Amino acid sequence: MALLRSLGSLLCLCAFRIPAGPGAAARGLDVASYRERVRAMFYHAYEHYLESAFPYDELRPLTCDGHDTWGSFSLTLIDALDTLLILGNVTEFQRVVAVLQEGLDFDIDVNASVFETNIRVVGGLLSAHLLSKKAGVEVEVGWPCSGPLLRLAEEAARKLLPAFQTPTGMPYGTVNLLHGVNPGETPVTCTAGIGTFIVEFATLSHLTGDPVFEDVARKALKALWKNRSDIGLVGNHIDVVTAKWVAQDAGIGAGVDSYFEYLVKGAILLQDKELMSMFLEYNKAIKNYTKFDDWYLWVQMYKGTVSMPVFQSLEAYWPGLQSLIGDVDNAMRTFLNYYTVWKQFGGLPEFYNIPQGYTVDKREGYPLRPELIESAMYLYRATRDPILLELGRDAVESIEKISKVDCGFATIKDLRDHRLDNRMESFFLAETVKYLYLLFDPDNFIHNDGSDFDVVITPYGECILNAGGYVFNTEAHPIDPAALHCCRKRKEEQWEVEDLMQEFYSLQKKKKFPLKQTSDCAEGGCAKDPAGASLGGKKRNSKKSSHSLLSCPSQSFNSKLAVLGQVFLDNT
């Protein structure tokens with residue numbers, strides 16, 4: 001069906017158009033020049049945040065002051081930290097790390113979004129922690145399995161754990177950082193607010209050795225999976241106490257988006273086939289019920305009937321996600337649909353009515369979101385199609401023309417007349433600028449293909465880091481998947497030693513030289529060494545590792561860890 005109508009003269013009256021210029025194809029585009037313009041965009045926004053808004057969360061660019069939005073964390077500073085390193089500014093990265101170590105405090109009486117605190121604060125701190133050595137920060141002994149930024153990330157995540165204490169394991173949307181979940185807190189949470197934890201929380205568990213974070217994230221994911229409809233779709237909002245769907249619109253956009261994203265990225269990060277199989281099942285249902293002419297509509301989750309024939313700007317992450325599972329052809333077709341909307345307005349309105357080909361009332365704004373640029377970056381790495389650079393060019397030109405003000409970059413309140421709003425969200429520096437820069441910087445360390453890497457000696461053995469394959473969380477904070485293998489060997493080897501000791505003491509018993517056990521050990525469950533130290537006590541996986549206890553085998557690192565291009569294609 002023909003979903004996009006020509007707007008005729010309306011387009012001339014209302015839309016911002018990117019000038020075609022000579023040779024509109026990006027083959028003649030000066031990539032280095034646009035990269036430097038993106039760098040200048042970052043510093044124009046960042047320096048004005050420091051001058052006018054710090055220590056508040058965000059800059060208000062029209063009044064040149066600051067305000068707290070998500071919990072009084074100096075959020076823009078955390079969100080911008082790894083972008084500084086991607087731009088090559090190690091000096092400022094080091095300075096900000098010191099500022100955060102000194103001033104960040106989570107023991108505050110603030111009601112915070114569980115979702116936003118996780119993706120922005122926990123994710124930002126974890127990424128900066130894992131990039132610290134590369135940025136020249138003097139790291140402590142035991143890094144990356146210890147360190148001040150890791151401790152801050154863990155502290156922030158622990159403040160979120162009370163939200164997961166529900167009958168279903170699905171978290172409340174808001175938690176008080178000092179007192180836990182408020183007694184009157186609504187049990188209704190959006191799907192994305194339940195399913196967007198596995199990347200950060202699994203990373204925390206692997207680095208700290210505490211499984212609680214990964215456990216609660218997995219339980220929440222599985223609860224959503226269990227409560228999908230008979231036709232394989234999930235709705236928009238659910239009651240986390242009763243597991244009843246409150247909003248039954250199913251789609252890939254707002255309220256749902258990063259749940260699907262984290263099934264794929266969690267699968268890549270953890271090499272987890274179960275998570276990937278969940279996504280692939282969802283993907284079938286999404287194609288069957290929501291996809292029309294390479295657009296994705298909103299449908300009723302139980303019936304599959306169309307409820308909203310709209311495209312939301314938040315849905316523009318989808319082509320990038322498709323590229324991660326190797327579905328590049330479909331990704332490009334959907335991307336080109338979304339790109340027509342960008343060219344129509346010079347940005348993506350929050351809601352766009354597909355049949356009418358125009359904005360939806362009261363959803364005409366563009367808060368400088370990154371999603372279409374994110375998809376362009378992924379797809380360009382996979383295809384090198386020059387049209388993806390054209391989107392990057394258009395984004396730079398339109399953001400500078402419409403949004404740039406003396407004190408930073410302002411949210412566009414209405415794309416039809418380019419009125420501005422007095423806000424610059426922290427994701428502008430965390431995501432929008434970062435993805436633009438990476439699109440125009442093919443040699444950035446983030447794009448490492450594994451040909452270069454660092455070997456780090458930890459108390460747990462030899463560790464490979466910075467080999468590439470970074471997994472971006474939904475706030476564009478890169479996580480090094482190899483780091484998840486750095487902090488476990490000593491425990492595994494300790495278990496092997498304990499098993500050997502158990503065998504030794506078992507032999508001693510057979511020889512009628514039994515060792516005395518204390519009363520708190522189950523029969524046969526706790527051997528003691530001669531000094532009285534407990535060696536057992538907990539059941540462990542009896543599967544033995546094939547390497548010597550004294551060896552330091554290199555970590556496995558293969559193409560499946562790559563987040564750029566096609567992965568999971570060998571069906572193994």
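These figures come from a predicted structure and were not determined experimentally.
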| task | Assess the pair F472 and Y435: is the distance between their ring centroids shorter than 6.0 Å? | result | yes
| said: Before we go on, tell me: are the rings of W318 and F311 under 6.0 Å apart, centre to centre? | reply: no
| said: By the ring pair (Phe, Tyr, Trp, His ring centres under 6.0 Å) test, which pairs, at least two apart or in different chains, include something from residues 391-413? | reply: H44-F409, F409-F428
| note | Quick note, disulfide bond (SG atoms under 2.5 Å apart) partners involving residues 366-432, not counting sequence neighbours, are C64-C407
| request: For E315 and W298, test the side chains for any donor-to-acceptor distance below 3.5 angstrom and give the result as yes or no. | output: yes
| task | Could you verify whether a donor N or O on one side chain and an acceptor N or O on the other, from E140 and S146, lie under 3.5 Å apart? | result | yes
| Listed by chain and number, what are the ring pair (Phe, Tyr, Trp, His ring centres under 6.0 Å) partners of H206, not counting sequence neighbours? |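 Ring pair (Phe, Tyr, Trp, His ring centres under 6.0 Å) list for H206, sorted by chain: empty.
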| request: Could you list the residues that satisfy ring pair (Phe, Tyr, Trp, His ring centres under 6.0 Å) with Y380, not counting sequence neighbours? | output: none
| said: If we check ring pair (Phe, Tyr, Trp, His ring centres under 6.0 Å) with Y259, which of these qualifies: F279, Y317, F115, Y282? | reply: Y282
Which atom pairs, one a donor and one an acceptor, fall under 3.5 Å between side chains of residues 90-101 and the rest of the protein, sequence neighbours left out?
{"from": "E92", "atom 1": "OE1", "to": "R95", "atom 2": "NE", "distance (Å)": "2.9"}
{"from": "E92", "atom 1": "OE2", "to": "Y46", "atom 2": "OH", "distance (Å)": "2.6"}
{"from": "E92", "atom 1": "OE2", "to": "R95", "atom 2": "NE", "distance (Å)": "3.3"}
{"from": "E92", "atom 1": "OE2", "to": "R95", "atom 2": "NH2", "distance (Å)": "2.8"}
{"from": "Q94", "atom 1": "NE2", "to": "A135", "atom 2": "O", "distance (Å)": "2.8"}

| field | For E350, all residues meeting salt bridge (Lys or Arg N to Asp or Glu O under 4.0 Å), sequence neighbours excluded | value |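 Per chain and number, E350 pairs via salt bridge (Lys or Arg N to Asp or Glu O under 4.0 Å) with R369.
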| Taking only residues two or more places apart in sequence, or in another chain, which ones meet T474 in a side chain to side chain donor-acceptor pair (under 3.5 Å)? |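 Counting only residues at least two positions away or on another chain, T474 forms a side chain to side chain donor-acceptor pair (under 3.5 Å) with E261.
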| Separation of SG atoms, C486 and C145, below 2.5 Å |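 No, no disulfide: SG-SG not under 2.5 Å.
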Who pairs with [X] by side-chain contact (heavy atoms from CB on, under 4.5 Å), at least two apart in sequence or on another chain?
X	result
F106	F73, L104, V121, L125, L152, E155, A156, K159
T290	I286, Y296, V299
N330	K287, K291, D294, Q322, D327, R333
T63	R60, D65, N422

| task | Please list, chain by chain and in numerical order, all residues satisfying disulfide bond (SG atoms under 2.5 Å apart) with C190, sequence neighbours excluded. | result | none
